[in-house]
Amino acid sequence: MQRRTLVTAAALAAVASTPPVQAQDAILRFSWWGGGERHESTLKAIAAFEAKHPGVKIKGEYMGFNGYQERLSTQVAGGSEADIVQLNWAWLSSYSKTGEGFLDLNKQRGLLALDQFSPADLRMGTLGGKLNALPAAYTARVFVWNKAAIQRAGLQVPTTWDELFATGKAFQAKNGDKAYLLDGEPYDVILLSHAYAQQKHGKPYVDPSEPRVAMSPAAVLEWVSTYKKLVDSKVVTPLPYRASLGGADKPTEQQQDWTNGTWAGNYTWDSVLRLRESTLDKDQKLTIGPFLTLPQAKHSGMFGRPSLMYAVSKRSKHPAVAVQFLNFLLTDPQAAQLLGLSRGVPAASGPLHVLLRDKRIGELEQAAYQQIKQQKEAGGIDLPSPLFENQRFSKFMREVFETVAYGKVTEQEAARRLYEEGNTLLKRIK
């Protein structure tokens, strides 16, 4: 995949000096989800934009992730969404299948520093030839390990799948029956086992370009069997046990077993590494491990996509101001300093240059970024089908794997459902 180039200091200055759009008494709304750090940094960025644009007021509408998509769907259906909207990449095609759901940013190209994005970045937000959204950051799955916890058990960070499966029981033998090599929310373990099946068989579960299951029935069974093997080998935290600790989706960094090293690793998005690290004491240190790959793998198996995107409402009464605010968030040097890594390593080259120059990207994030960059440049990460993360389809996948986790069905029955019912559902929600 073609990568963007870092901009020069002169180019950064040019972006910073873009003349403000003249707008008197323009009140716009901006909706996003996130945690405390993201909220605080975004509010500071809003204040900085308002200071540069007298007469413009940006009203922040922010919340946690839970319930955000439901609220946004209700607003879009009623024509009352905010002027600028943060959304997941996978949602874009649901709200704008033909590119008509949001403002076509191509109509305001003069207000956007699109040269800071790669052609691949622009394609991710283009539907029906219309540029509907731009990525704030790109994220992919990585293995992150608490090296101190593994070394205390006299073990080494796994470098192959065979080592991973063999190390689970060894780690538990040293630390007790509540110790697991990898913690994972339900989706984490589904994606981890998916990586193995994709490497072995070469296809993702959902075809990237058609509403159909791309894996063969044998590959789907491998996916389910790998999920079960990860649990049976004591590699991952079992779903029933995790659910008993405050809910199956309770973030890893909030789990006591993570903070004290009883759980030694996580297969997660690189965009949440700082959160995972934030609750560990100074004697514990996270490190990025090799991305486990089968010999003669037919695909890398690495799952990546934009971490989130920004779109502008086609109903905005001040589209030019909305676009300039979007451009400010994504490409302005001052915004980069204020937002930092609150939405991940920036996709735009200018902010990336600023954060690297100011040493704002830590050793852990840089290691993950380089690993992902190498895979992207080698063509090892395909953009997944947005249907894979469609709300209805994700719920279906999770329900099937939950029946496996709780021992309600055989691996064969779960694989049959994923293949047959998955195909049916994909055609229904396309």
Side-chain angles (χ1 to χ4, degrees), residues 15-16 27-54 56-69 71-72 75 81-88 133-139 249-255 258-259 268-282 286 306-312 321-322 324-348 350-366 368-369:
V15 171
I27 300 176
L28 294 87
R29 296 156 52 219
F30 172 36
S31 66
W32 75 89
W33 76 84
E37 179 191 18
R38 182 179 294 177
H39 297 334
E40 183 179 353
S41 63
T42 305
L43 291 171
K44 289 179 179 178
I46 288 174
F49 181 81
E50 290 175 339
K52 292 183 176 183
H53 298 78
V56 174
K57 176 70 176 176
I58 308 291
K59 297 175 65 175
E61 299 178 359
Y62 50 96
M63 58 186 293
F65 182 76
N66 290 337
Y68 180 90
Q69 185 181 7
R71 186 183 74 169
L72 178 59
Q75 290 176 335
E81 71 273 11
D83 297 87
I84 308 94
V85 177
Q86 176 181 297
L87 70 163
N88 265 342
L134 288 171
Y138 185 90
T139 188
D249 295 307
K250 185 177 179 180
T252 293
E253 70 273 6
Q254 296 178 19
Q255 301 278 3
W258 170 258
T259 62
T268 191
W269 302 112
D270 71 302
S271 55
V272 302
L273 290 175
R274 293 170 73 231
L275 289 173
R276 299 294 187 261
E277 196 173 34
S278 65
T279 54
L280 299 178
D281 63 43
K282 61 182 177 60
L286 296 183
S307 59
L308 52 85
M309 307 192 82
Y310 294 130
V312 172
V321 181
Q324 190 159 20
F325 176 64
L326 180 151
N327 188 66
F328 174 80
L329 289 176
L330 291 175
T331 68
D332 188 271
Q334 182 184 10
Q337 291 173 327
L338 293 170
L339 295 170
L341 296 174
S342 62
R343 286 172 172 82
V345 177
L352 176 62
H353 172 84
V354 168
L355 297 184
L356 287 171
R357 180 198 66 196
D358 295 348
K359 296 180 171 55
R360 296 278 300 278
I361 303 177
E363 181 181 332
L364 190 68
E365 290 92 347
Q366 285 204 47
Y369 173 79

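Numbering of residues begins at 1 and proceeds along the displayed sequence.
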[atom1] of [X] to [atom2] of [Y]: how many Å apart, nearest 0.5 Å?
X: E253; Y: T279; atom1: CD; atom2: OG1; answer: 6.0 Å
X: L286; Y: L273; atom1: CG; atom2: CG; answer: 8.0 Å
X: D249; Y: Q254; atom1: CG; atom2: CD; answer: 11.5 Å
X: L339; Y: L329; atom1: CG; atom2: CG; answer: 6.0 Å
X: I46; Y: L28; atom1: CD1; atom2: CG; answer: 10.5 Å
X: K59; Y: F30; atom1: NZ; atom2: CZ; answer: 15.0 Å

Considering non-hydrogen atoms only, spot the tightest contact between [X] and [Y] and give its length.
X: L355; Y: G340; value: CD1-O, 3.5 Å
X: G64; Y: W33; value: O-CB, 3.7 Å
X: P135; Y: L330; value: O-CD2, 3.7 Å
X: A45; Y: F328; value: O-CE2, 3.3 Å
X: A82; Y: R29; value: CB-O, 3.4 Å
X: L338; Y: K44; value: CD1-O, 3.7 Å

Is there a side-chain contact between [X] and [Y] (heavy atoms, below 4.5 Å)?
X: K52; Y: Q324; value: no
X: Y369; Y: L352; value: yes
X: F49; Y: I58; value: yes
X: R343; Y: W32; value: yes
X: W258; Y: L280; value: yes
X: R38; Y: Y62; value: no
X: N88; Y: F65; value: yes
X: L356; Y: Q366; value: yes

Among all residues two or more places apart in sequence or in another chain, which pass the side-chain contact (heavy atoms from CB on, under 4.5 Å) test with E365?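 With neighbours one apart ignored, the set is R274, L341, I361.
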Are a donor atom and an acceptor atom from the side chains of S271 and S307 found within less than 3.5 Å of each other? no
Decide if atom CD of E40 counts as having more than 12 heavy atoms of other residues, nucleotides or ligands within a radius under 6.0 Å.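 For E40, atom CD is not crowded (no more than 12 foreign heavy atoms under 6.0 Å).
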Has D358 got a side-chain atom pairing as donor or acceptor with R360's backbone, closer than 3.5 angstrom? no
How far apart are the C-alpha atoms of L326 and L134, what are their side-chain angles, what is the distance that settles it, and do they pass the side-chain contact (heavy atoms from CB on, under 4.5 Å) test? CA-CA 9 Å; L326 180 151; L134 288 171; 3.7 Å; yes
